[in-house]
Amino acid sequence: MKKKIISALLCAAMATSLLAGCGSSSAGSSSTTTSAATEAAASTETAAKAGESAGSADTDSSSGSYAGQKIALVGKSAGNAFFEIAAATFVSTVESEGGTVDIVYPEEATADAQIKVLDNLISQDYDAICLSANDTNALQAKLEEAMDAGIAVSSFDSAPNADSRQIFVNQAGTTAVAQALVDAVYDITGGEGQWAILSATSQASNQNAWIDAMKAIIAANDQYANLELVEVAYGDDEAQKSTDQTEALLQNYPDLKVICAPTTVGIAAAAKYLQDNSASCKLTGLGLPSEMEAYTGDGDDYSCPYFYLWDMEGLGTLSAYATMALVSGEITGALDETFTAGDLGEYTITAADDGGTEIVLGLPLEFTPENVSEYAKLY
């Protein structure tokens, strides 16, 4: 198995100046799209018409061809830069194989809004639905309905429960992310003192998995005994609410040393508030280098000493290949199956913590004052 190392993927992406590009199209009712999706709609429509004129050939599983596949990609909400980067390479990967993708966003970052989107998609003859789930369990009935209708169901970033999907593409192992964040908190606090978590929604499966793993790591190791987690706050992946929650944390805990925000929306909002207000409290978590560059540095003038994320473009590419492989019958999502994800190489399906299966992209990548500007050119 020849998985690429995350940093190598990112450097390769830098060298090719993001040749993968951006592209998407909208799937109509009960949804909104970002500007990135709107700008690329024309090219996706052209590709779809070309497929129709060629007879819209069915996928040939015996040859491994993905041509003619029609996939819906469902986000948590519009305006999430992390998702849009992954979505762009998801679309370009599928289109390069002769398929089409419709990107659909719920009207709100809620399970109910995603259920409405899924209900609409099931009747539209899609070969697959790939989603980032707003809730672990609430989508189960609708996703099972999709699978019963012969629609392949995959997910990335945030997984529905094991019964609601065939495969989850995990950007990094849950324990690996949690360990990196715990160690960052330990380092920045000096090993003791109050810290808080600023999460997305209270139902977000990826956020909750990381938070639970962080708590378990701390509880199992006396090294972290002097760290006091005072609160888990929720900004609902909204910039203003995340800002308000940051302000409330500082007011409620004057001795707060660190906020850990495992969400790109939350960390960017908190970074700006802390820095604008010259707060002594520092920040770490998961963020986009382009959004965090101005806040990342050493000393009192910066709110964030360092933070983490992973290869978002790689996540989109891997998710696209996994989804297409499900449709073609190359994989079923069963443990130990293997498939090739283009230039990313061969991947093996492994056991997920929730009892389902997953494909892990790689390790989290640390962004520091020394490399954040370099990576900001990419993300």
- Determine, stepwise, if the pair Lys142 / Asp119 fulfils salt bridge (Lys or Arg N to Asp or Glu O under 4.0 Å). CA-CA 7 Å; Lys142 194 56 60 178; Asp119 191 49; 3.0 Å; yes

- Query: How far apart are the C-alpha atoms of Leu250 and Glu247, what are their side-chain angles, what is the distance that settles it, and do they pass the side chain to side chain contact (heavy atoms under 4.5 Å, CB included) test?
  - Reply: CA-CA 5 Å; Leu250 295 185; Glu247 181 180 15; over 6 Å; no

- When you look at Gln166 and Thr332, which way does the side chain to side chain contact (heavy atoms under 4.5 Å, CB included) test go after all the steps? CA-CA 7 Å; Gln166 290 169 267; Thr332 65; 5.6 Å; no

- Worked verdict on Glu330 versus Tyr66 for side-chain hydrogen bond (donor to acceptor under 3.5 Å, both in side chains): CA-CA 10 Å; Glu330 184 179 349; Tyr66 304 136; 2.5 Å; yes

- Query: Could you go step by step and tell me if Ile359 and Thr348 meet the side chain to side chain contact (heavy atoms under 4.5 Å, CB included) rule?
  - Reply: CA-CA 7 Å; Ile359 305 160; Thr348 299; over 6 Å; no

- May I have the step-by-step check of ring pair (Phe, Tyr, Trp, His ring centres under 6.0 Å) for Tyr295 and Tyr302, ending in yes or no? CA-CA 5 Å; Tyr295 309 110; Tyr302 297 93; 8.9 Å; no

- Query: Run the side chain to side chain contact (heavy atoms under 4.5 Å, CB included) check on Tyr321 and Thr93 step by step: do they pass?
  - Reply: CA-CA 8 Å; Tyr321 276 112; Thr93 299; 3.4 Å; yes

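Here the side chains of Ile259 and Thr246 are in contact, with some heavy-atom distance below 4.5 Å. Side-chain contact between Leu121 and Val74 is present, with heavy atoms from C-beta onward closer than 4.5 Å. Side-chain contact check for Tyr186 versus Ile218: every heavy-atom pair is 4.5 Å or farther apart. When side chains are defined from C-beta on, Thr323 counts as touching Phe90, because their heavy atoms get closer than 4.5 Å. Here the side chains of Ser65 and Glu97 are not in contact, with every heavy-atom distance at 4.5 Å or above. Residues Met312 and Leu288 are in side-chain contact: their nearest non-hydrogen atoms beyond the backbone lie under 4.5 Å apart. In this structure, Val372 and Tyr375 have side chains that are not in contact, with every pair of non-hydrogen atoms separated by 4.5 Å or more. Contact check for Leu139 versus Gln114: side-chain heavy atoms found under the 4.5 Å cut-off.
The pair Asp236-Lys241 meets the salt-bridge criterion, with a side-chain N (NZ, NE, NH1 or NH2) lying under 4.0 Å from an Asp/Glu carboxylate O. The existence of a salt bridge linking Arg165 and Asp354 is confirmed by a sub-4.0 Å separation between a basic side-chain nitrogen and an acidic carboxylate oxygen.
Across all non-hydrogen atoms, the minimal contact from Ala162 to Gly355 is CB-C, 4.1 Å. Of all heavy-atom pairs between Cys260 and Trp195, the closest is CB-CZ3, 4.1 Å. Ile211 approaches Ser199 most closely through the heavy-atom pair CD1-OG, 3.7 Å. When all heavy atoms of Lys282 and Pro305 are compared, the pair lying nearest together is CB-CD, 4.2 Å. Taking each heavy atom of Pro369 and Thr296 in turn, the nearest pair found is N-CG2, 3.9 Å. Shortest non-hydrogen contact noted between Leu256 and Ala196 is CD1-N, 3.7 Å.
Within 6.0 Å of CG in Asp276 there are more than 12 heavy atoms belonging to other residues, nucleotides or ligands. With a 6.0 Å radius and a threshold of 12 heavy atoms from other residues, nucleotides or ligands, Lys272 has its NZ atom at or below the threshold. Other residues, nucleotides and ligands contribute only 12 or fewer heavy atoms inside 6.0 Å of the CG atom of Asp222.
Asn170 and Glu358 share a donor-acceptor pair across their side chains, judged by distance under 3.5 Å alone. Inspection of the Asp183 and Tyr224 side chains reveals an N or O donor paired with an N or O acceptor under 3.5 Å. Side chain to side chain, Tyr253 and Glu231 meet the donor-acceptor criterion of an N or O pair below 3.5 Å. For the 3.5 Å distance criterion, the side chains of Ser158 and Ser205 qualify, holding a donor opposite an acceptor. Gln171 and Asp157 share a side-chain donor-acceptor pair at under 3.5 Å. Residues Glu346 and Thr340 bring no donor and acceptor atom of their side chains to less than 3.5 Å of each other.
The six-membered or imidazole ring of Tyr308 lies away from that of Phe367, with a centre-to-centre distance of 6.0 Å or more.
No donor-acceptor pair closer than 3.5 Å links the side chain of Asn221 to the backbone N or O of Ile217. In this structure, Asn226 contributes its side chain and Gly193 its backbone to no donor-acceptor pair below 3.5 Å. A donor-acceptor pair is defined here as one N or O able to donate and one able to accept, closer than 3.5 Å; such a pair exists between the side chain of Asn371 and the backbone of Glu366. Put simply, the side chain of Lys257 never gets that close to the backbone of Cys281: no donor and acceptor are under 3.5 Å apart. Between the side chain of Thr264 and the backbone N or O of Gly287 there is no donor-acceptor pair closer than 3.5 Å. The backbone N or O of Glu238 sits less than 3.5 Å from a side-chain atom of Ser242, completing a donor-acceptor pair. Side chain of Glu337 to main chain of Ala334: a donor-acceptor pair is present (N/O by atom type, distance under 3.5 Å, no hydrogens or angles). Without hydrogens or angle criteria, Lys116 side chain to Glu107 main chain gives no donor-acceptor distance under 3.5 Å. At distances below 3.5 Å, at least one donor-acceptor pair connects side-chain atoms of Thr89 with backbone N or O atoms of Glu313. The main-chain N or O of Ala351 is never found under 3.5 Å from a side-chain atom of Thr357 such that the two would form a donor-acceptor pair.
Tyr126 pairs with exactly one of Val101, Thr100, Ile71, Asp102 by the side-chain contact (heavy atoms from CB on, under 4.5 Å) rule, that one being Asp102.
In this structure, CG on Asp237 lies 13.5 Å from CD on Glu108, to the nearest 0.5 angstrom. Atom CZ in Phe307 sits 8.5 Å away from atom OG1 in Thr284 (nearest 0.5 Å). Here Ile122 contributes atom CD1 and Ile129 contributes atom CD1; the two are 5.5 Å apart, rounded to the nearest 0.5 Å. The OH atom of Tyr105 lies 5.0 Å from the CZ atom of Phe83; values are rounded to the nearest 0.5 Å. Atom CG of Leu249 is separated from atom CG of Leu274 by 9.5 Å, given to the nearest 0.5 angstrom. Asp112 contributes atom CG, which lies 10.0 Å from atom CG of Asn134 (distance to the nearest 0.5 angstrom).
Using a 4.5 Å cut-off between side-chain heavy atoms of Ile, Leu, Val, Met, Phe, Trp and Tyr, with links allowed through other members, Tyr234 and Val265 fall into different hydrophobic clusters. The hydrophobic cluster containing Leu318 also contains Leu73, counting ILVMFWY residues as joined when their side-chain heavy atoms lie under 4.5 angstrom apart, directly or transitively. By the criterion of side-chain heavy atoms lying less than 4.5 angstrom apart, applied directly or through intervening Ile, Leu, Val, Met, Phe, Trp or Tyr residues, Leu283 is grouped together with Trp210 in one hydrophobic cluster. Under the 4.5 Å side-chain heavy-atom criterion for grouping Ile, Leu, Val, Met, Phe, Trp and Tyr, Trp310 is not connected to Phe168 through any hydrophobic cluster. Under the 4.5 Å side-chain heavy-atom criterion for Ile, Leu, Val, Met, Phe, Trp and Tyr, Val177 and Ile85 are members of the same hydrophobic cluster.
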